[in-house]
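This report refers to the structure that appears directly beneath it.
Sequential numbering from 1 along the given sequence is applied to the chain's residues. Both ligands and their constituent atoms are indexed starting at 1 by order of listing.
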Amino acid sequence: MSRRARPLAGRGPMTAEEWTIELESQWMGRDLEYFASLDSTNQYLKTRLREENVPLGAAVVADEQTKGRGRLGREWWSPPRGGLYTSLVVYPGKDLSGLISLMAGVALSEAIEAETSLGPGLKWPNDVLVAGKKCAGILVEAGPAPEPWAVMGIGVNVEGVIREDLDHAITLAMAQNSAVSRIHLWARLCSRLEVWYETWLTRGGGPILAAWRERSLTLNQRVDVLAMGRVEFSGYARDIDGDGALLVETSGGQLRRVQAGEVGIRLEGGLYGPP
Ligand code: BTN
């Protein structure tokens with residue numbers, strides 16, 4: 001990817017102006033760059049952060065990603081038009097990526113709920129599920145310099161087809177059986193992210209944790225904790241701590257702390273999410 005990548009001409013009607021028409025947020029998403037195709041919106045913003053001053057709430061949207069990235073080094077399949085692929089910058093003052101990642105999950109669930117007829121829930125740390133399948137994922141990348149920054153990378157399967165091997169995934173349009181507007185969804189997402197970020201600044205992480213717990217599909221479920229695809233241990237997901245780590249109670253009654261950067265979880269029986 002190159003910082004010099006520019007919107008491709010003749011690749012559909014979308015422009016940054018069109019994407020921002022529905023925006024109601026004050027600062028989140030206001031500085032938007034739109035690309036018909038990009039390797040990764042996260043990578044693009046991280047490169048930009050290295051090279052220049054990037055305003056709070058700066059955002060990128062791409063119609064497709066050729067090297068979309070997921071958590072734990074996975075690929076995020078990002079075909080043209082079907083998805084919403086966006087990244088947004090915040091400056092949390094210190095590295096709060098665990099909490100920011102939960103915050104983004106809550107904001108995204110609320111945006112999906114507001115723009116569809118669906119009732120999304122969260123699989124720790126921040127996979128958004130509808131009907132027991134994943135419709136969206138979040139990759140937060142953070143760094144210390146020149147001022148602690150975080151890039152919230154958000155991918156939503158909005159419409160189109162799902163690749164055959166991704167049988168745990170679903171699009172919003174499939175789940176609700178009618179079309180969903182990516183522009184409305186993105187605008188709503190920016191509003192919810194802005195509200196939550198300001199709430200965090202004024203009231204700390206408590207409200208984010210409470211909202212996440214309310215939407216959780218993981219707490220009190222039996223889970224396998226996986227590292228590099230292998231089961232490390234199993235237990236009951238009991239709570240999250242102030243940094244967004246999952247607390248899993250093992251059969252011996254021990255509470256083990258699981259951090260999102262290192263591992264994933266799977267519900268008992270290999271289920272991706274409760275149906
Ligand atoms: C996951 O569930 O593994 C996280 C997926 C995050 C995908 C989004 S799409 C926009 C942004 N750019 C990327 O390369 N990844 C994130």
Between Arg48 and Asp31, does any NZ, NE, NH1 or NH2 come within less than 4.0 Å of an OD or OE carboxylate oxygen? yes
For the pair Gln65 (side chain) and Lys67 (backbone), establish whether a donor and an acceptor sit closer than 3.5 Å, ignoring hydrogens and angles. no
Set of residues satisfying ring-ring contact (aromatic ring centres under 6.0 Å, His included) with respect to Tyr85, sequence neighbours excluded: none
Side-chain contact, heavy-atom cut-off 4.5 Å: Phe35 with Glu64? no
Would you say Glu141 and Trp149 are linked by a side-chain donor-acceptor pair, where the criterion is simply a distance under 3.5 Å? no
Co-membership, hydrophobic cluster, residues Tyr91 and Ile154, 4.5 Å side-chain: yes
Considering only heavy atoms, which protein residues lie less than 4.0 Å from any atom of ligand 1? Ser40, Thr41, Asn42, Gln65, Gly68, Arg69, Gly70, Arg71, Trp76, Thr86, Ser87, Asp127, Lys134, Gly137, Ile138, Leu139, Gly153, Ile154, Gly155
